[in-house]
Student: 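Take a look at this one; I'll ask things after.
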Amino acid sequence: MKLTAIKGFNDILPVESPKWQYVERVAREIFHLYGYKELRLPILEKTPVFTRSIGEATDIVEKEMYSFPDKNGVSLTMRPEGTAPVVRSFVQNVLYSKNPVSKLYYIGPMFRYERPQKGRYRQFHQIGAELFGAPDPVADAEMMAMVTHFFQATGIDRLSLQINSLGCDECRAKFKAKLIEYFSKDKGALCENCARRLELNPLRILDCKAASCGELKKAAPVILDYLCIDCSDHFSAVKDHLNNLEVTYKVNEQMVRGLDYYTRTTFEVTTDMLGAQNAVAAGGRYDKLCETFGGPKTPAIGFAIGMERLILLLDDNDKYSLKPQVFIAAMGNDARNVSIKILKRLRAEGISSEMEYSIKSLKSQMRRADKSGYSFVLIIGDEELKKNLATLRNMATKEQTELSLENPVDDIVRFIN
Ligand code: ATP
Ligand code: MG
C-alpha cells in the first residue's frame, strides 16, 4: 500500500518552492527595514496557551485545533496561530525588560482542522509580526503601512486594506448587550453555532459565513457607534496617520475578527481573486493579552499573512527561481574525471553547476541541461580533451566558444557574466 500525506497537509514541491523562498525573502527584507527581528518558536504548545487567549467560544478553539495528550497526559496543541505563542514567549523570556519596544516576526506552519479547499488547508503557513510596547495610534498606522509595503514589494496588487475598531472592554460590553438584544429577536434564523453562542460571544455572529446569519447581520448594530471617547479618538488618529502615510484603506464597520483577544484597531487585507477565501492578511491590537499570560500590562499589535493565499496571487512564471548556470556534458570517462574537478572550482566561485553522473550521449545530456534551465553547457569530448579544449555553449543564443582547459573557470566566469 502506498502511503500518502494527511488530507489538508500539502507537500510544497520543488517547482513551487522558489515562490515560497521569494515571499520569505521579501518579508525578511521589508520587516528589517522597520526594525523587526525574527522569533522562531515551537510548533507545539500547551493547550491553554490557545484556549485562554483566543477564547473558548471561537471557531478555532471549539472545532479547529489539533489537540492531543502527550505520553504523560498533558494536553498539547499544534499551534493554530502565531500571536498567542509569541506573547507566551515574550512573557516567559522577559523580553520587555530588555527594550521598552519589541518588534518580532515569525514565519512558519499553523494547523487548523478545517474543510480543505482552495486557499484553506489543515497545515498552512503564516508570516506574522508583533509590536509590543506601543499604545500610540501611530504604531497601528505604521504596521499597516508595513503590510502594504510588503504586498507592494511582492508585486501583488488588487488588494484592499479594511480597518475597524473593536474598542475596549467598556465599549465591547455595551456593544455585546446591543447585539444580543438585536439577534435575540430572530434567534430562530441564526445558524446552529451562532444560536448557541449568542449569549456567550455574540460578536462571532458578525464573523459567521452562514447565509442565514449573513442576512441578519446586514442591519445589525455596528461597534463604531459604541466606542468610548478614548477608543474613538484612537481610531480617528489611526485614520489620520494612515492618510498622512498615504496608505489607502476602507473602514469596514462590520468586520470583527475570529479571536477574542483583539482590542481597538483590527484590519484585514482582502482580495477579489480568491473567491470565499478572500482574506490574505489579518491583524489587530491586543492591549490586554500580555496580562492574560501573566506579564505586565503591555499594549501590542500584530498581523498574520496567509502564505498559501498570497502565493496563489503570484503570477505563474519562473522569475522567482534562481537560475542554474553551467551544465557540463562530459563525453566519456576521462572527460567526466576532469569535469568533476572543474565543478568543484566553479562552485567555489559561486557558480551553480552540475554534470551527468553516468555516461550518456551528448543529445541526452543537452536535453537534461535544457530541461533544467541551464544557461550554459560546457561540452568536453574525448577528442577535445586530448587537445585540452572544451566548448562553451550559450543555450539562449546557441553561440559556441572554444575554451582552453588550462584554466577554464576564469574563462567561464568571464563568459557567463
Ligand atoms: P478565514 O476567515 O479565511 O477563515 P481567519 O480569520 O480564520 O481567516 P486568521 O486567523 O486571521 O484567519 O489568519 C490570518 C490569515 O491566515 C488569513 O487571513 C488567511 O490568509 C490565513 N489562513 C487562515 N486560515 C487558513 C487556512 N486554513 N488555510 C490557509 N490559510 C489560512
Ligand atoms: Mg478561519
Side-chain angles (χ1 to χ4, degrees), residues 6-10 12 16 19-20 23 27 50 53-55 57-66 77-87 105-130 143-144 147-148 150-151 154 156 158-164 166 193-194 197 201 203-210 213-214 217 252 254-262 265-286 289 301-314:
I6 306 164
K7 187 176 165 197
F9 287 63
N10 299 314
I12 296 162
E16 280 288 309
K19 285 186 178 176
W20 288 75
V23 166
F50 304 107
S53 56
I54 295 171
T58 58
D59 280 353
I60 293 182
V61 171
E62 276 188 347
K63 45 185 189 191
E64 294 175 358
M65 292 205 307
Y66 278 90
T77 294
M78 294 173 71
R79 60 181 189 193
E81 60 107 45
T83 301
V86 171
V87 177
Y105 77 87
Y106 59 85
I107 300 178
M110 305 293 160
F111 304 86
R112 295 185 196 176
Y113 195 83
E114 299 197 73
R115 193 169 70 77
Q117 55 200 289
K118 186 178 176 192
R120 193 177 294 288
Y121 313 98
R122 290 181 173 174
Q123 174 173 330
F124 62 101
H125 298 75
Q126 288 184 337
I127 299 177
E130 316 287 348
M143 178 159 270
M144 289 185 260
V147 175
T148 308
F150 165 77
F151 281 115
T154 59
I156 295 173
R158 281 179 67 180
L159 294 176
S160 150
L161 170 66
Q162 314 210 10
I163 69 168
N164 197 15
L166 296 183
N193 250 329
C194 290
R197 290 170 177 171
N201 200 345
L203 259 76
R204 291 284 70 80
I205 304 172
L206 301 177
D207 204 32
C208 178
K209 290 178 178 94
C213 300
K217 236 160 38 178
N252 178 353
Q254 293 243 320
M255 182 183 71
V256 295
R257 305 275 313 114
L259 309 98
D260 281 355
Y261 53 63
Y262 287 118
T265 314
T266 51
F267 57 98
E268 269 188 14
V269 177
T270 57
T271 169
D272 56 4
M273 286 156 72
L274 292 178
Q277 275 58 256
N278 68 343
V280 188
R285 188 167 269 292
Y286 50 92
L289 193 55
I301 179 163
F303 66 86
I305 299 162
M307 289 183 78
E308 280 79 0
R309 293 185 196 176
L310 166 57
I311 281 160
L312 283 168
L313 296 176
L314 290 179

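One-based numbering, in listed order, for ligands and for the atoms of each.
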Student: Is Glu308 close to ligand 1, meaning an N/O of one under 3.5 Å from an N/O of the other?
Tutor: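 The answer is no, given that Glu308 and ligand 1 share no N or O pair closer than 3.5 Å.
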Student: What is the closest protein heavy atom to atom 8 (O) of ligand 1, and at what distance does it sit?
Tutor: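 Going atom by atom, the protein heavy atom closest to atom 8 (O) of ligand 1 ends up being Arg309 NH1, 4.3 Å.
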Student: Check each atom of ligand 1 against the heavy atoms of Ala282 and keep those under 4.0 Å away; list them by number with element.
Tutor: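 Listed by number with element, the hits are 11 (O).
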Student: Quick check: does any side chain N or O of Asn10 sit under 3.5 Å from a backbone N or O of Ile12, one acting as donor and the other as acceptor?
Tutor: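 Absent.
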Student: Between the candidates Arg257, Lys209, Glu81, which shows the shortest non-hydrogen contact distance to atom 9 (P) of ligand 1?
Tutor: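 Shortest heavy-atom distance from atom 9 (P) of ligand 1: Arg257.
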Student: Test your reading of the model: is there a side-chain donor-acceptor pair from Arg122 to the backbone of Glu114, 3.5 Å cut-off?
Tutor: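 Looks like yes, one N/O pair under 3.5 Å.
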Student: Can you report which non-hydrogen protein atom sits closest to atom 30 (N) of ligand 1, along with the distance?
Tutor: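 Heavy-atom neighbour on the protein nearest atom 30 (N) of ligand 1: Phe124 CD1, 3.4 Å.
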Student: Using a 4.5 Å cut-off on heavy atoms from C-beta on, say whether the side chain of Tyr106 contacts that of Ile127.
Tutor: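 Counting from C-beta outward, Ile127 and Tyr106 never come under 4.5 Å.
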Student: Which of the numbered atoms in ligand 1 are below 4.0 angstrom from a heavy atom of Val280?
Tutor: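 The atoms of ligand 1 under 4.0 Å from a heavy atom of Val280 are 18 (O), 20 (O).
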Student: Hey, does Asn252 have a side-chain heavy atom less than 4.5 Å from the side chain of Glu268?
Tutor: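 A side-chain contact is absent here, since even the closest heavy-atom pair is not under 4.5 Å.
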Student: How close does the nearest protein non-hydrogen atom get to atom 21 (C) of ligand 1, and which residue and atom is it?
Tutor: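 Minimum-distance protein heavy atom for atom 21 (C) of ligand 1 reads Gly306 CA, 3.6 Å.
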Student: Measure the shortest side-chain to side-chain distance between Ile54 and Glu62 over non-hydrogen atoms and say whether it is less than 4.5 angstrom.
Tutor: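 They are not in side-chain contact.
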Student: Using atom types as modelled and distance alone, determine if a side-chain donor or acceptor of Gln162 lies under 3.5 Å from a backbone N or O of Ser160.
Tutor: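 Such a contact is absent between Gln162 side chain and Ser160 backbone.
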Student: Tell me, with the steps shown, if Glu130 and Thr83 meet side-chain contact (heavy atoms from CB on, under 4.5 Å).
Tutor: CA-CA 7 Å; Glu130 316 287 348; Thr83 301; 2.8 Å; yes
Student: Among all protein heavy atoms in this structure, tell me which lies nearest to atom 28 (N) of ligand 1, with the distance rounded to 0.1 Å.
Tutor: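 The closest heavy atom on the protein side is Tyr121 N, 3.0 Å.
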Student: Identify the closest protein heavy atom to atom 12 (O) of ligand 1: which residue and atom is it, and at what distance?
Tutor: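 In this structure, atom 12 (O) of ligand 1 has Arg112 NH1, 3.7 Å as its nearest protein heavy atom.
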Student: Counting heavy atoms only, which part of Asn278 comes closer than 4.0 Å to ligand 1: side chain, backbone, both or neither?
Tutor: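 Asn278 to ligand 1: no contact under 4.0 Å from either part.
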Student: I need the nearest protein heavy-atom contact for atom 27 (N) of ligand 1: residue, atom name and distance, please.
Tutor: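 Residue, atom and distance for the closest contact: Glu114 OE2, 2.6 Å.
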Student: Regarding ligand 1, does Ala279 bring an N or O atom to under 3.5 Å of one of the ligand's N or O atoms?
Tutor: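 Yes, Ala279 has an N/O under 3.5 Å of an N/O on ligand 1.
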Student: Hey, what's the ring geometry for Phe303 with Phe267, parallel, tilted or perpendicular (30° and 60° as the breaks)?
Tutor: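 The arrangement is tilted - the two ring planes meet at 30° to 60°.
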Student: Below 4.0 Å, non-hydrogen atoms only: which portion of Arg120 touches ligand 1? Side chain, backbone, both or neither.
Tutor: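 The answer is both, backbone and side chain.
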Student: For the side chain of Arg309 and the backbone of Gly119, is there at least one donor-acceptor N/O pair under 3.5 Å apart?
Tutor: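 Present.
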Student: Taking non-hydrogen atoms only, is Arg122 closer than 4.0 angstrom to ligand 1 via side chain, backbone, both or neither?
Tutor: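 Looking at Arg122 and ligand 1, no heavy atom falls under 4.0 Å.
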Student: Heavy atoms, side chains only, cut-off 4.5 Å: are Val23 and Phe150 in contact?
Tutor: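 A side-chain contact under 4.5 Å exists here.
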Student: What protein heavy atom lies closest to atom 13 (O) of ligand 1? Include the residue and the distance to one decimal.
Tutor: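 Answer, as residue, atom name and distance: Gln126 NE2, 3.0 Å.
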